[in-house]
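Working notes, beginning with the structure itself.
What's counted below: heavy atoms across the whole structure, side chains too, no hydrogens, waters or symmetry copies. When a ligand or atom number is given, it counts from 1 through the structure's own listing order.
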Amino acid sequence: MIDERKEIQDKDIYILAIESSCDETAAAVVKNGREVLSNVISSQIALHTLYGGVVPEIASRKHIEKINQVIEEALREAGVTLQDITAIAVTYGPGLVGALLVGVSAAKAISFATGIPLIGIHHIEGHISANYIENKELEPPFICLVASGGHSHLVLVKDYGEYDIVGRTRDDAAGEAFDKVARAIGLGYPGGPKIDKLSKEGNPDAIHFPRAVVTENEYDFSFSGLKSAVLNYLNGCQMKGEPVCEADVAASFQKAVIDVLVEHSIHAVKEFGFDKFAIAGGVASNSSLRNALEQECCKNHISFYHPSPIFCTDNAAMIGVAGYYEYLKGARSGYDLNAVPNLKLGSREGVTGYECIKG
Ligand code: KG4
Ligand code: ZN
């Protein structure tokens, strides 16, 4: 078995990856797990901005219009053809069902027409795997904070493809809180990058917003109370006819989110006895969060890993990296692969042929 795996690893492995779980239509080619040959992202953000958030039906329709073009561009940019591709990795959950179905259908069609193996990938596994692209020395185990528009998880990455969730949000995800607060202060969608930018002009200590403590699990998060506190503050100002300093609100809100994310993360890394910590997901591109984590990790002698911002927000390169490790482990999906909007991390649902070639 070990020989079989070694033989696979001795050959160059090219993964064609497809991601369409939300509002980015993306395709990439990744060589040998950590070398990104192309990373094409067609963003729908401008379109959804008109409506203040992602409209699922519009997202699906746009994915259909773009998917073939994006895949062709990814192959062209990488300088490869389908004949060079070893396996096709595609996000099949979690996400918007109609959006996921477009990527899954495209991947199945190419796989069926060419005979190239198909592998369904969990979107969050992709986000975590983005850390392997620029940190060639990073290997599991480590703790990873995944903070995106749909998730806020503290994950124990035990091995490639092996995860334990040690903390999760009880209500809103961190990115969701950013988006909702941004809308309330009139910044529009997507909120994260706009709050990140405006916060630089504000005082993070101007307004004290609450930091929720979840008593049942010290690693869990809760952001809905913070969001309500910001809305109450804005309403209060309006009723009293007081002016609102949006930059101070943005900076104070952002500080409240960051304080909790940093505290829980460092606590988990120490309690689980690790010296490696990584971040992932759209919120991981937040400049103040990255600075705060850098400082705290340095103070606590923890090695801090983070993807470049382009690999934090949704992209297909991260799916290609995850696909490579799943391929090495023998994971294969059948043509009955379906979109699973609420897919659990670590679930083998959708991986019908798990030909285990572990040593
Ligand atoms: O990972 P992602 O691209 O999509 C999901 O899987 O959800 O994350 C998108 C989320 C959005 O909520 C967006 O506002 C947030 O990430 N985000 C940020 C920043 N850039 C994106 N949040 C805070 N600061 C940022 N710079
Ligand atoms: Zn994502």
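Each of Y189 and V181 belongs to its own hydrophobic cluster when Ile, Leu, Val, Met, Phe, Trp and Tyr are linked at side-chain heavy-atom distances under 4.5 angstrom.
For the atom pair OG (S288) and CD (Q254), the distance works out to 4.0 Å, reported to the nearest 0.5 Å.
Residues T91 and E19 share a closest heavy-atom pair of OG1-OE1, 2.6 Å. Here the closest heavy-atom approach between residue L37 and residue A78 is recorded as CB-CB, 3.6 Å.
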Pairs of nitrogen or oxygen atoms, one from ligand 1 and one from the protein, closer than 3.5 Å: please tabulate them with distances.
residue  : atom   : partner : partner atom : Å
ligand 1 : 1 (O)  : H127    : NE2          : 3.1
ligand 1 : 1 (O)  : G282    : N            : 3.0
ligand 1 : 1 (O)  : D314    : OD1          : 3.3
ligand 1 : 3 (O)  : D314    : N            : 3.1
ligand 1 : 3 (O)  : D314    : OD1          : 3.4
ligand 1 : 4 (O)  : D314    : OD1          : 3.2
ligand 1 : 4 (O)  : D314    : OD2          : 3.3
ligand 1 : 6 (O)  : H123    : NE2          : 3.1
ligand 1 : 6 (O)  : D314    : OD1          : 3.4
ligand 1 : 7 (O)  : G149    : N            : 2.8
ligand 1 : 7 (O)  : G150    : N            : 3.4
ligand 1 : 8 (O)  : G149    : N            : 3.4
ligand 1 : 12 (O) : G175    : O            : 3.1
ligand 1 : 12 (O) : D179    : OD2          : 2.7
ligand 1 : 14 (O) : D179    : OD1          : 2.7
ligand 1 : 14 (O) : G192    : N            : 3.0
ligand 1 : 20 (N) : G282    : O            : 3.4
ligand 1 : 20 (N) : S285    : OG           : 3.3
ligand 1 : 24 (N) : G192    : O            : 3.4
ligand 1 : 24 (N) : N286    : ND2          : 3.0
ligand 1 : 26 (N) : D196    : OD2          : 2.9

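A donor-acceptor contact under 3.5 angstrom links the side chains of S287 and K200, judged on distance only.
Shown are the protein N/O/S atoms under 2.8 Å from the Zn ion (ligand 2), given by residue and atom: H123 NE2, H127 NE2, D314 OD1.
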field: side chain to side chain contact (heavy atoms under 4.5 Å, CB included) assessment of Y160 paired with E139
entry: CA-CA 8 Å; Y160 295 106; E139 303 263 3; 2.6 Å; yes

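In this structure, F272 and Y219 have side chains that are in contact, with non-hydrogen atoms separated by less than 4.5 Å. Under the 4.5 Å side-chain criterion, counting only non-hydrogen atoms from C-beta, N286 is not in contact with I195. Annotation: side chain of L154 is in contact with side chain of H264 (closest heavy-atom distance under 4.5 Å).
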